[in-house]
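Predicted, not measured: the structure shown is a model, and the values here were computed from it. Order of the sequence lines fixes the chain letters, A, B, ..., with proteins taken first and strands second; residue numbering starts at 1 for each chain.
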There are 2 protein chains.
Amino acid sequence: MRISTKGRYALCVMLDLAQNGTDGCVALKDIAERQNISKKYLEQIMALLNRQDVIKTVRGAQGGYKLARTPDRYTVAEILKLAEGSLAPIDELDDPSAPQAADWQLMYVWQGLYSAITDYLEGITLQDILDHNAQGFDYII
Amino acid sequence: MRISTKGRYALCVMLDLAQNGTDGCVALKDIAERQNISKKYLEQIMALLNRQDVIKTVRGAQGGYKLARTPDRYTVAEILKLAEGSLAPIDELDDPSAPQAADWQLMYVWQGLYSAITDYLEGITLQDILDHNAQGFDYII
DNA sequence: TACTATACCTACCTTTTTACTAGGCTTTAT
DNA sequence: ATAAAGCCTAGTAAAAAGGTAGGTATAGTA
């Protein structure tokens, strides 16, 4: 039940764009350095996000990325789903054509879990995260 | 964010024991056939469950497994956590000693997600699943 | 007592996924 | 013209997933 690093990085990048891209665009190099993530790996994640309409790019020197919408119009669910491919806890919820005997009696549990996850993640926008962090809560664990 | 087959099988086995182990014990061979799961693989999962106090075994001929408690005293969360090792969506929630820069600002999202997942799964017992299926709801998707 | 059915244990193995790295091509501001 | 950016495709090492194989230990039954 782990979120992959791809999903975590995607969300992290989007948040970085929300914070640092208010005027103009942000170079991937800077994001990679700020967040301590491999730039080359990030490139692939950007390509993923780019294929949908979530970010805009500016090519050439002084180019970079920026958000396609305001931060309040992205949910965490949308971004994670894009990066991860799916948020469903079991295959059958995405691909009903391949039922497994072992899951038969448990489908309602999996469906409920799926709802619990998506309901929560759809309830949080990038703006919510910005606001939350602005309030000075430190989540040092 | 997928539940592994190990987790799905573990829950499935526990449910099978709840249904078929009311009098005496249940042989793994029968469970494997009923649920269409490799018996050899199930052996390993039973060993996992056995190390905690969740099932009892009867060795020798006519032996098998039975639940250690009544079905209403198992939550889905407990079983899945045992099989999967953890239900946390990111490593840091289990191992706070290895913080990643990229997750810093997102910890509250991950903690909330973790809570959403465990709250849901702790709210469902094996008995709840039995009752639900007894009501004749078919979850054919 | 022998036989058989069961659980238990350890090792190995194949495939898939993850998380990158490498290197070149394209675009554009200066 | 040059340099700084993004774009694209391929390769790859390590880990995890999902098993298989084969033997040992235990106990009920004939």
Side-chain angles (χ1 to χ4, degrees), chain A residues 1-10 12-13 17 20-21 24-33 35-52 54-66 68 80 83-86 89-91 98 100 102-103, chain B residues 1-10 12-13 17 20-21 24-33 35-52 54-66 68 80 83-86 89-91 94 98 100-103:
Chain A
M1 280 296 278
R2 292 271 146 102
I3 294 276
S4 70
T5 65
K6 193 182 280 183
R8 293 190 293 117
Y9 288 176
C12 179
V13 165
L17 288 179
N20 302 103
C25 58
V26 183
L28 201 53
K29 180 167 82 87
D30 297 334
I31 302 182
E33 280 172 10
Q35 310 294 343
N36 195 31
I37 300 175
S38 149
K39 183 191 162 228
K40 277 296 191 180
Y41 190 31
L42 272 192
E43 282 184 2
Q44 295 173 33
I45 293 171
M46 298 317 273
L48 251 175
L49 298 173
N50 217 356
R51 278 195 272 282
Q52 329 300 116
V54 299
I55 53 176
K56 290 195 163 133
T57 79
V58 180
R59 301 190 60 171
Q62 315 312 317
Y65 299 92
K66 61 173 80 167
L80 285 182
E84 301 262 311
S86 164
I90 66 166
D91 288 355
Q100 303 263 116
D103 290 316
Chain B
M1 281 295 278
R2 292 272 145 101
I3 293 278
S4 70
T5 65
K6 193 182 280 184
R8 294 190 292 116
Y9 287 176
C12 180
V13 165
L17 288 179
N20 301 105
C25 58
V26 183
L28 200 54
K29 181 167 81 90
D30 297 334
I31 302 181
E33 280 172 10
Q35 309 293 345
N36 195 32
I37 301 175
S38 150
K39 183 190 163 231
K40 278 295 192 180
Y41 191 31
L42 272 193
E43 283 185 2
Q44 295 175 35
I45 293 171
M46 297 318 273
L48 252 175
L49 299 172
N50 216 355
R51 278 195 271 281
Q52 330 299 115
V54 299
I55 53 176
K56 291 195 162 134
T57 80
V58 180
R59 301 190 61 169
Q62 316 312 315
Y65 299 90
K66 62 172 78 168
L80 286 182
E84 301 263 312
S86 163
I90 66 165
D91 288 355
D94 285 319
Q100 303 264 118
D103 290 316

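In this view, A:Gln35 and A:Cys12, A:Asp16, A:Ile31, A:Ile37 satisfy the side-chain contact (heavy atoms from CB on, under 4.5 Å) rule, not counting sequence neighbours. Checked against side-chain contact (heavy atoms from CB on, under 4.5 Å), B:Ala101 has the following partners two or more places apart in sequence or in another chain: A:Asn36. The side-chain contact (heavy atoms from CB on, under 4.5 Å) search around B:Glu43 returns B:Leu28, B:Lys39, B:Lys40, not counting sequence neighbours. A search for side-chain contact (heavy atoms from CB on, under 4.5 Å) contacts involving A:Asp91 returns B:Arg2, not counting sequence neighbours. Partners of A:Ser4 according to the side-chain hydrogen bond (donor to acceptor under 3.5 Å, both in side chains) rule, which considers only residues two or more places apart in sequence or in another chain, are A:Glu84.
Separating the SG atom in B:Cys25 from the CZ atom in B:Arg59 is a distance of 13.0 Å, to the nearest 0.5 Å.
Between A:Leu17 and A:Lys66 there is no side-chain heavy-atom pair separated by less than 4.5 Å. With a 4.5 Å cut-off on side-chain heavy atoms, A:Leu48 and A:Lys6 count as touching. Two residues are said to be in side-chain contact when any heavy atoms from C-beta on lie closer than 4.5 Å; B:Lys56 and B:Tyr65 fail this criterion.
The two residues B:Val26 and B:Asn20 have their closest heavy-atom pair at CG2-O, 3.4 Å. The two residues A:Ile55 and A:Asn50 have their closest heavy-atom pair at O-OD1, 3.7 Å. In this structure, B:Asp94 and B:Ser86 approach most closely via the heavy-atom pair OD2-OG, 2.6 Å. Nearest heavy-atom pair, B:Ile3 versus B:Leu80, reported as atom, atom and distance to 0.1 Å: CD1-CD1, 4.0 Å.
Note that the first and last nucleotides of DNA chain D, 5' to 3', having any atom under 4.0 angstrom from a heavy atom of chain B are D:dG18 to D:dG28. Heavy-atom contacts of chain A under 4.0 Å fall on DNA chain C between two terminal nucleotides, which in 5' to 3' order are C:dA19 to C:dA29.
Looking at which nucleotide of DNA chain D each of A:Thr57 and A:Ala61 is closest to, the 5′-most match is held by A:Ala61. Residue order along DNA chain D, read from the 5' end via each residue's closest nucleotide, puts A:Gln62 first among A:Gln62 and A:Arg51. Comparing B:Asp30 and A:Tyr9 by the nucleotide of DNA chain C whose heavy atom lies nearest to each, the residue mapping closer to the 5' end is B:Asp30.
For the helix from C:dT1-D:dA30 to C:dT30-D:dA1, the angle separating the two terminal helix axes comes to 0°, with each axis derived from five pairs and the value rounded to 10°.
Contacts between residues 38-45 of chain B and DNA chain D, defined by a heavy-atom separation under 4.0 Å, are made by B:Ser38, B:Lys40, B:Tyr41, B:Gln44.
Residue B:Gly63 is classed as a sugar-phosphate contact, given heavy-atom separations below 4.0 Å to backbone atoms only.
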